[in-house]
Amino acid sequence: QVHLAESGGGSVQVGGSLRLSCAYSGPTDIRYMSLAWFRQSPGKEREGVAAALRDGYTRYEDSVEGRFTISKDNAKKMLDLQMTSLKPEDTGMYYCAAVPYIDSWLSLRAQKYDSWGQGTQVTVSS
C-alpha cells in the first residue's frame, strides 16, 4: 500500500516562497511511479499543479509555470515542490498523489491518481 506524507506548508506573504515535500513509501519503487501535486481551495475542485512522471517528464499548470518547480528524488523517495513568487490565489490545501502509470496529457487530472496524502495547508496573504 502506497503511503504519502506531505510537509512544508505554512503562511507566507505575497511574493514569498515555500518548499513542500512529500515522503513516499510503498511496494513499488518510486522510480516506477508518477507523482504529482494538487491543490484545493474551499468551494473549488481539486486542481493539478505539477506532475513528475516516471520517465522524467514534468508538467505544470499554466498559472504556476515559471514560478513552481517539481522534483522527484528517487534515492530519498521524496517529491518536492519549490514555490516562488507566491500569490493569494495559490492559497489552498496541497496534496501529493501517486499512480504507477499515467499518460502525460492526463497527469494533472485528479481522478487518474489512486494514492493520496493527507495534505498540507498553504496560505498566501497580502
Side-chain angles (χ1 to χ4, degrees):
Q1 183 175 355
V2 171
H3 181 68
L4 302 168
E6 302 95 335
S7 61
S11 297
V12 64
Q13 291 189 327
V14 169
S17 300
L18 279 175
R19 188 176 186 89
L20 306 183
S21 294
C22 172
Y24 168 91
S25 62
T28 303
D29 191 308
I30 191 175
R31 290 176 295 175
Y32 307 117
M33 298 291 288
S34 293
L35 288 87
W37 286 99
F38 291 80
R39 64 187 178 193
Q40 189 168 21
S41 302
K44 294 186 177 181
E45 291 187 357
R46 191 168 297 189
E47 65 171 352
V49 175
L53 277 57
R54 64 185 194 180
D55 60 2
Y57 176 84
T58 58
R59 184 181 175 196
Y60 296 91
E61 192 269 329
D62 288 347
S63 71
V64 308
E65 182 83 51
R67 298 189 297 122
F68 291 11
T69 303
I70 190 170
S71 58
K72 184 159 75 87
D73 188 325
N74 293 330
K76 296 182 178 179
K77 300 181 181 180
M78 296 289 294
L79 180 75
D80 287 348
L81 184 69
Q82 179 66 48
M83 306 185 294
T84 63
S85 302
L86 283 162
K87 304 175 181 180
E89 51 264 41
D90 295 319
T91 294
M93 185 69 78
Y94 281 67
Y95 298 91
C96 178
V99 67
Y101 177 79
I102 191 169
D103 288 323
S104 60
W105 65 283
L106 296 172
S107 58
L108 295 181
R109 295 193 185 180
Q111 60 266 42
K112 298 300 182 181
Y113 289 80
D114 51 23
S115 298
W116 292 85
Q118 294 300 307
T120 185
Q121 177 68 35
V122 172
T123 302
V124 184
S125 57
S126 55

Across all chains, not counting sequence neighbours, the salt bridge (charged side-chain N to carboxylate O under 4.0 Å, His left out) partners of D80 are R19
Note: with side-chain heavy atoms under 4.5 Å as the link, the other cluster members for M83 come out as V2, L4, V12, V14, L18, L20, Y24, I30, M33, L35, W37, V49, Y60, V64, F68, I70, L79, L81, L86, Y94, V122, V124
In short, Q121 meets T123 closest at the heavy-atom pair NE2-OG1, 3.4 Å
Checking the side chain of E6 only, and the main-chain atoms of Q118 only, is there a donor and an acceptor separated by less than 3.5 Å? yes
Scanning both residues in full, the closest heavy-atom pair of Q82 with S17 reads NE2-CB, 4.1 Å
Given K77 and S25, is the side-chain contact (heavy atoms from CB on, under 4.5 Å) satisfied, shown in steps? CA-CA 7 Å; K77 300 181 181 180; S25 62; over 6 Å; no
Side chain to side chain contact (heavy atoms under 4.5 Å, CB included) filter on S63, not counting sequence neighbours, yields R39, E61
- Are more than 12 heavy atoms from other residues, nucleotides or ligands located less than 6.0 Å from atom CD of E89? yes
### Task
Could you tell me whether the side chain of T84 and the main chain of R67 form a donor-acceptor pair under 3.5 Å?
yes
One should read off an interatomic distance between K72 NZ and S34 OG, to the nearest 0.5 angstrom, of 7.0 Å
Residues passing the salt bridge (charged side-chain N to carboxylate O under 4.0 Å, His left out) test with D73, sequence neighbours excluded, are none
One should read off an interatomic distance between S7 OG and M78 CE, to the nearest 0.5 angstrom, of 5.5 Å
| message | I'd like to know if the side chain of T58 reaches the main chain of A50, judged simply by a donor and an acceptor atom lying under 3.5 Å from each other, with no hydrogens or angles considered. | response | no
Output for pair (S21 OG, K76 NZ), nearest 0.5 Å, gives 9.5 Å
For residues 98-109, dump all side-chain donor-acceptor pairs below 3.5 Å to protein atoms at least two apart in sequence or in another chain.
from : atom 1 : to   : atom 2 : distance (Å)
Y101 : OH     : D103 : OD1    : 3.0
S107 : OG     : S104 : O      : 2.7

Residue pairs passing the ring-ring contact (aromatic ring centres under 6.0 Å, His included) test with at least one member in residues 106-126, sequence neighbours excluded, are F38-Y113, F38-W116
